[in-house]
Each structure stands twice: as C-alpha cells, then as structure tokens.
Amino acid sequence: MSSTHEHGFGVDIGGSGVKGAPVDLATGKLVGERVRIPTPQPSTPEAVAGAVAEILDSFGWTGSFGCTFPAVVQHGITRTAANVDASWVDCDAASVLRTVTGRDATVVNDADAAGVAEVEFGAAGAASGVVLLATLGTGIGTALISHGHLVPNTELGHVELDGHDAETRAADSAREREGLSWKEWGGRLTRYFRHVENLLWPDLIVVGGGVSKKFDKWSPHVSTRTPMVPAKLRNEAGIIGAALLARG
Ligand code: BGC
C-alpha cells in the first residue's frame with residue numbers, strides 16, 4: 001500500500017452482512033481489514049444505512065463512498081428487493097444514505113460492482129470483448145461489460161427457464177436447499193449458462209459468489225461453449241467495485 005495512491009471507500013450491502021473498507025484505487029487492494037456487521041433485521045433502508053454509518057465511522061472515513069445493493073439500482077433509486085426488505089422498492093437509497101451517514105453515496109447493483117472490480121483487477125483483466133460475470137449466492141447476480149463499459153442492471157438471474165425464475169433453480173441457495181450434488185447442480189448451471197450464452201454470446205464468463213472457491217468441484221459438470229473462470233477477488237469484489245464506481 002502506498003500513501004501516494006488515491007483511496008476510495010466501498011461498502012457491500014448483503015442480505016446477511018454489511019461490509020466495508022477503504023480501497024487503494026490504483027491497486028484494488030483493501031487498505032486495512034474490512035469491517036463486517038450483520039445486516040439489521042428487518043433490513044429497512046434506515047436501519048441498514050445506520051449500519052453503513054457505523055462502518056464508515058469505524059475507519060474515520062468522512063468522504064464520499066460507493067455502496068452496493070443486491071437489487072436493481074437506477075440513478076441512486078433501488079427498484080427491486082428480491083432478497084431484502086420490500087421497503088427498498090422505489091426507495092431513494094442515495095438520499096437515505098446521505099441523510100443517515102452525512103456523506104455522499106453512489107449506490108450500485110452488487111453484481112455490477114463485482115464485475116467492474118473483476119475487469120479492473122481480477123479474473124477478467126486480460127479478456128477483451130464481452131465479459132459476463134455471474135455471482136452465485138442467495139440469488140444470481142449478473143454484470144455485463146463490453147470492452148470495459150458496464151451495462152448496468154442486466155438482472156439475468158431472473159430469466160425464465162422451464163417455467164421458473166432461473167435463480168430459484170440455479171443459485172447456490174437452490175443447491176443447498178435441495179441438497180443437490182455438485183453434478184446435479186452442474187446440470188442446472190449448464191442449463192442456465194447455455195441459455196444466457198445464447199442470448200449474449202459473451203467472450204468470457206466469470207463466476208463469483210462464495211461457491212467460486214469450490215470451482216474445481218462443480219465446474220467439471222458444467223458444459224458451455226464460452227470459457228468460464230472463477231472470480232479472483234472473492235468476497236472483496238463488491239467493496240472494490242463500489243469504491244471504483246464512486247470515483248466515476
Ligand atoms: C437480484 C440482483 C442481485 C442478485 C445478487 C438477485 O436476486 O435481483 O439485483 O444482483 O440477486 O445479489
């Protein structure tokens with residue numbers, strides 16, 4: 001870490017935890033240990049913003065910051081709430097965060113942040129063309145990046161497949177809930193990714209989310225035409241991408 005590099009601050013809001021840390025914007029490295037606090041329940045905007053303020057305070061960070069959210073975010077307004085409290089739908093999240101924390105917030109979709117970080121500093125760095133990042137967790141988040149430019153809020157976890165919302169069949173939470181073997185889940189992922197690659201024809205698929213650590217276990221059971229690699233930045237990608245996107 002060099003003190004001559006510009007630092008930003010990223011916060012990653014998830015269904016179970018709110019995490020944050022300062023980020024060296026030149027290297028994509030966290031500046032110190034990230035802080036995590038459990039997501040307040042119910043996870044209303046004011047309560048979650050309070051948790052964000054606590055994290056910023058713990059680092060003495062007074063400047064503006066970037067913040068991910070696990071739903072559609074258009075110009076600071078959260079539009080959906082698939083796996084969080086319904087009161088976030090059509091909430092002016094950037095304003096709530098500004099009021100509660102006293103700092104300016106840039107709010108972005110969680111997968112979009114992770115995708116930007118992976119392109120800048122992680123697994124998609126060397127790829128040219130169209131990169132699709134998919135995070136497999138409670139839901140499926142997607143980021144679509146073409147020659148370094150993000151198309152926000154692609155929401156391809158919710159394509160309809162065999163009459164189902166795809167993430168309810170292929171997210172990691174579906175594997176856990178249904179007790180699927182790696183092979184069985186690999187079959188679900190093959191069905192999912194083949195559909196998505198036929199819509200977009202990406203050059204590379206990067207898979208993030210906690211289960212990307214076990215890429216060697218399940219990826220042999222997934223067959224796609226597009227090369228697929230695990231995300232590199234693991235659970236720091238959201239924080240790093242949020243800080244990058246806040247820089248503009
Ligand atoms: C949401 C996305 C989010 C993804 C991962 C999905 O259910 O619709 O906005 O990126 O979960 O958190």
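Whatever order the structure lists ligands and atoms in, that order sets their numbers, starting from 1. All heavy atoms count here, side chains included; hydrogens, waters and symmetry mates do not. From a predicted model like this one, the values you see are computed outputs, not experimental measurements.
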Going by salt bridge (Lys or Arg N to Asp or Glu O under 4.0 Å), name the pairs with one or both residues in residues 157-171, residues two or more places apart or in two chains. D162-R191
Lining ligand 1 at under 4.0 Å, by non-hydrogen atom distance, are residues P70, A71, V72, A82, N83, N109, D110, I140, G141, E155, H158, E167
A side-chain contact here means heavy atoms from C-beta on lying under 4.5 Å apart; do P70 and V84 qualify? yes
Residues T142 and T154: side-chain donor-acceptor under 3.5 angstrom: yes
State, yes or no, whether a side-chain contact exists between H221 and T190 at a heavy-atom distance under 4.5 Å. no
Which residue pairs satisfy the salt bridge (Lys or Arg N to Asp or Glu O under 4.0 Å) criterion with at least one member in residues 71-91, sequence neighbours excluded? R79-D90
Which residue pairs pass the ring-ring contact (aromatic ring centres under 6.0 Å, His included) test when at least one of the two sits in residues 61-97, sequence neighbours left out? F9-W61, F69-W88
